[in-house]
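Report on one structure; see the data block that follows.
Every heavy atom of this structure was used, including side-chain atoms; hydrogens, water molecules and symmetry mates were not.
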Amino acid sequence: MNEQVDTPKFRYNAALACKIEAQWQDYWQEHGTFHAPNPVGDLADPKHPRSGAPKQFVLDMFPYPSGSGLHVGHPLGFIGTDVFARFQRMAGFNVLHTMGFDAFGLPAEQYAVQTGTHPRTTTEENILRYRAQLRMLGLGHDDRRSVATIDVDYYRWTQWIFLQIFNSWFDPSVNKARPIAELEAQLAHLPAAERNKIVDEHRLAYISEAPVNWCPGLGTVLANEEITADGRSERGNFPVFKRNLKQWMMRITAYADRLIDDLDDVQWPEPIKLMQRNWIGRSTGAFIDFAVGEESDQDLTRRPANIAEPPRESSKSAIKVFTTRPDTVYGATYMVLAPEHELVDKLVPAGWPAGTHGKWTTGHSSPAEAVAAYRLFTASKSEVERQADAKEKTGVFIGAYATNPANGAQIPIFIADYVLAGYGTGAIMAVPGQDERDWEFAEIFELPIIRTVEPPAGWEGKAFTGEGPAINSGMLDGLGVAEAKAKIIDWLESAKSGEGAVTYRLRDWLFSRQRYWGEPFPIVYDESGRAIALPDSMLPVELPEVADFSPKTFADDDAGSSPETPLSRATEWVHVTLDLGDGPRQYTRETNVMPQWAGSCWYQMRYADPSNDKAFIDPANEAYWVGPREGQQSGGVDLYVGGVEHAVLHLLYARFWHKILFDLGYVSSFEPYHRLFNQGYIQAYAYTDERGAYVPAEEVVEEQPGVYVWNGQKVDREYGKMGKSLRNVVTPDEMCERYGADTFRVYEMSMGPLEVSRPWETRAVVGAQRFLQRVWRAIVDETTGAATVVDTPADDATRRALHKAIAGIREDMFGLRFNTAIAKLIELTNALTKLPATPREVAEPLVVMLSPLAPHIAEELWRKLGHDETVTYQDFPVADPALLVEETVTYPVQVNGKVRARVSVAADADEETVRTAALAEVNVANPKKVIVIPGKLVSVVA
RNA sequence: GCGGGAGUGGCGGAAUGGCAGACGCGCCAGACUUAGGAUCUGGUGCCUUCGGGCGUGGGGGUUCAAGUCCCCCCUCCCGCACCA
């Protein structure tokens with residue numbers, strides 16, 4: 001190739017860019033350019049130019065270091081935060097920006113199972129590859145602060161935090177976590193066994209034998225958040241079954257209210273807040289007891305008020321329902337239990353009551369038979385089928401009646417799958433008049449419908465769910481919905497038939513996984529099987545070496561199988577003799593590991609104090625980097641950038657842990673991430689041939705609009721993710737080689753607003769390269785490599801253009817609008833290329849403003865302009881307001897909304913002058929009205 | 001079904017209620033070249049009888065002025081999905 005025959009020696013092309021970039025990356029590393037000083041500890045540095053300055057903590061959602069490395073979509077957010085962080089440094093802040101790795105997780109383990117390579121080996125190799133790729137992009141990270149969740153020094157503290165959670169309980173009377181010792185003291189009067197039982201039941205991390213999501217295909221249990229809507233595992237898409245298994249849970253439900261309410265104090269995108277609110281699903285209403293059979297004996301087990309869970313179970317003599325509309329109780333004409341509700345079997349009588357409606361029996365000769373048949377019917381339906389059938393209500397009468405506490409009416413009890421066992425109490429009072437589902441069901445089974453809220457005049461619909469006065473409701477008649485609710489709740493409480501209540505869709509967090517590659521629990525069991533926390537001195541509990549990394553997996557649909565953990569096979573590790581204060585004894589280790597979400601619940605705090613071996617973070621460092629501030633009461637990182645896919649999982653779990661640490665006094669902030677920003681995704685086209693096989697996207701050409709051809713054959717285009725199997729991956733490595741990292745960064749940032757997803761287009765990258773070339777050429781002689789700037793002052797127009805650019809770019813940078821900032825830099829540069837020589841007074845601010853976006857070329861140009869220091873800590877330019885005012889303004893003159901002329905007048909001309917000048921230009925005899933918008937336009941109404 | 005977001009040139013995208021299409025890609029023309037998938041310069045919404053007309057998913061409205069505000073409708077994307 002002779003492509004460079006005529007290329008000047010110092011043309012800014014890929015070869016030169018790569019050379020410059022490597023040099024500056026070395027410089028930054030040697031000089032620790034991006035080291036941010038801490039207030040205390042070994043990262044404190046009082047001599048640092050930003051020591052003690054106002055802080056900015058800029059955070060990326062840290063990546064899982066996958067084996068396939070980064071593609072061009074991954075760094076979009078990383079580059080965005082880097083640009084912002086570099087800008088903030090220039091704006092005077094002490095900026096913490098680094099990058100760690102969320103490195104526990106399934107892929108490395110699955111690879112280990114296949115190849116026998118230890119997950120640590122694979123993961124550490126992948127991390128090295130990621131670090132190299134990130135370095136190549138010129139990201140200004142403080143590398144001293146980079147941590148990986150698999151580092152023993154890191155997960156030691158993950159385990160320590162787990163112990164704090166295990167060793168605390170939630171006190172509803174103060175709505176916060178307290179040390180478990182305080183509960184033990186409160187129960188000191190009880191015998192040890194009983195006390196231990198109550199204590200263990202109240203821990204924020206506790207063991208429960210409860211229905212969990214068992215996934216035989218993965219050999220592990222999963223959290224609700226990890227299950228898709230059609231009841232399969234998010235990872236692997238295997239069927240998931242409800243099984244009663246003994247598992248670790250985290251009492252996230254105790255924080256449901258605070259997790260909702262504190263969203264008001266953070267600056268997050270509204271859709272994300274909404275998703276969290278919906279996921280938590282708070283409903284306010286009442287529990288109401290519907291008596292069944294003989295009168296009930298109200299035996300509520302009494303415990304000290306602040307440690308009792310509200311009694312949620314129905315008793316033998318009453319069915320407890322939850323409703324958000326207690327005001328409609330007079331309209332409850334029947335009840336529905338979930339088919340698997342525990343009371344069903346106790347309520348089913350031997351035979352159908354006399355006069356049972358023909359439709360209610362569904363043709364069966366006894367209630368027991370009807371119930372059994374219906375249960376079989378619902379159990380055979382998959383989750384998908386059940387949802388598809390949702391329109392068609394099914395159910396069966398169980399032969400028993402309950403008493404409506406409001407009016408004493410005897411109402412029939414049904415089971416139906418439109419009532420879910422897992423929500424509320426698994427039972428409802430059915431009010432067809434005000435509930436669409438109940439109406440549908442009532443129509444099918446010919447049940448009575450009583451309206452208890454008067455619909456508006458002319459209402460022709462069925463169930464009416466809106467506001468209106470109560471009717472047919474005894475003492476409630478005439479009241480609005482809100483007053484009726486309050487009144488009936490008072491009445492129910494005084495009649496001991498119910499109570500006001502709040503329920504949540506959120507369930508406790510299933511915290512154990514039957515995997516190898518995760519954090520071991522710092523827990524052992526004594527001979528009685530009680531879980532005992534290991535003392536801090538025994539941390540970390542390191543993962544043992546095992547021969548086989550795989551949990552036992554089963555056929556996808558083997559619902560009856562049981563989990564078997566990989567760690568349980570490390571028998572020497574499992575059975576230990578320890579002295580936990582009462583002499584050496586035999587203990588058995590917990591063999592589950594923590595879920596992948598554990599490590600990401602607190603990593604940002606470790607960034608702030610990465611090498612502290614006395615605490616997970618020093619309080620002074622915590623207060624400085626994430627403590628509360630004026631206008632930022634919650635505290636937390638200043639900017640957190642990542643994808644929407646973590647809207648409920650990671651973000652909810654991390655908030656939960658953070659609040660516990662706050663309650664226990666370890667942190668001063670009550671939210672981990674003050675401002676959240678969701679970056680869009682870079683998507684890509686993929687092409688399939690006739691057989692549906694993917695062809696290399698790079699080699700496809702568009703022969704005519706909409707006609708795509710590969711190797712002479714027509715192919716179909718689809719749009720979506722970038723992935724190996726889709727044969728459309730473009731890597732940052734390729735881009736850096738072909739254009740240089742700066743070009744790549746500028747291209748990614750110029751494609752559109754950071755929050756918007758957009759298609760990747762390799763051929764468009766050249767635009768960014770041309771821009772940087774023009775900047776280079778405006779300052780450097782392409783043949784000699786010397787700076788060509790002149791020290792003569794800029795002409796007035798150029799100077800004004802500069803200050804206009806400065807004002808706009810500064811604002812855009814603060815607002816994360818890098819695409820428009822780049823457009824303004826391009827405009828300024830294009831203005832410079834028309835000048836015979838670039839004045840230094842424009843070149844220098846241009847380089848400084850370019851540096852957050854294209855840091856390597858900016859450093860090089862800064863050096864060529866005669867500066868010895870890095871450009872990193874230069875002040876970002878500030879516009880001179882005097883130069884932002886134009887001397888003359890050209891007004892478009894509209895006549896009836898259409899531009900008919902333009903007039904130029906002095907910027908300080910008064911309205912009358914503008915008006916006269918405008919009217920002189922247009923031929924309008926007697927204008928009805930003339931509107932002058934100073935500085936904008938003149939509008940004439942003819 | 002409920003909730004949220006979005007529809008602007010061939011493409012990505014700009015526009016505190018004030019000149020729609022900044023900036024970039026592509027395309028067209030030209031320059032420099034043995035050459036161009038390099039670089040530079042100019043042009044580029046659509047239609048046009050060259051006067052102008054029409055244009056921000058569609059329809060109505062408010063206004064001197066609407067991509068932007070209000071009402072109705074359509075399409076696409078995301079979340080939740082019988083949540084009592």
Sugar-phosphate, base or nothing in reach of A:Val766, heavy atoms under 4.0 Å: sugar-phosphate
Sidechain N-carboxylate O distance under 4.0 Å for A:Glu270, A:Arg277: yes
Sugar-phosphate, base or nothing in reach of A:Val940, heavy atoms under 4.0 Å: nothing
Under 3.5 Å donor-acceptor pair, A:Lys824 side-chain atoms to B:rC23 base atoms: no
Sugar-phosphate, base or nothing in reach of A:Glu827, heavy atoms under 4.0 Å: sugar-phosphate
A:Glu645/A:Lys721 salt bridge by N-O under 4.0 Å criterion: no
Bracket notation of RNA chain B in which parentheses pair within the strand, [ ] cross earlier pairs, and | pairs with another strand (Watson-Crick or G-U, under 3.5 Å): (((((((..(((.....[....)))((((((.......))))))(((....)))..(((((..]....))))))))))))....
Sugar-phosphate only, base, or nothing, as touched by A:Arg777 at under 4.0 Å among non-hydrogen atoms: sugar-phosphate
Touch class at under 4.0 angstrom, heavy-atom based, for A:Arg763 against every strand present: sugar-phosphate
Sugar-phosphate only, base, or nothing, as touched by A:Arg277 at under 4.0 Å among non-hydrogen atoms: nothing
Note: A:Glu443-A:Lys462 ion pair, threshold 4.0 Å (strictly below): yes
Sugar-phosphate only, base, or nothing, as touched by A:Asn896 at under 4.0 Å among non-hydrogen atoms: nothing
Nearest listed nucleotide, side chain of A:Ala764, among B:rC25, B:rC54, B:rU39: B:rC25
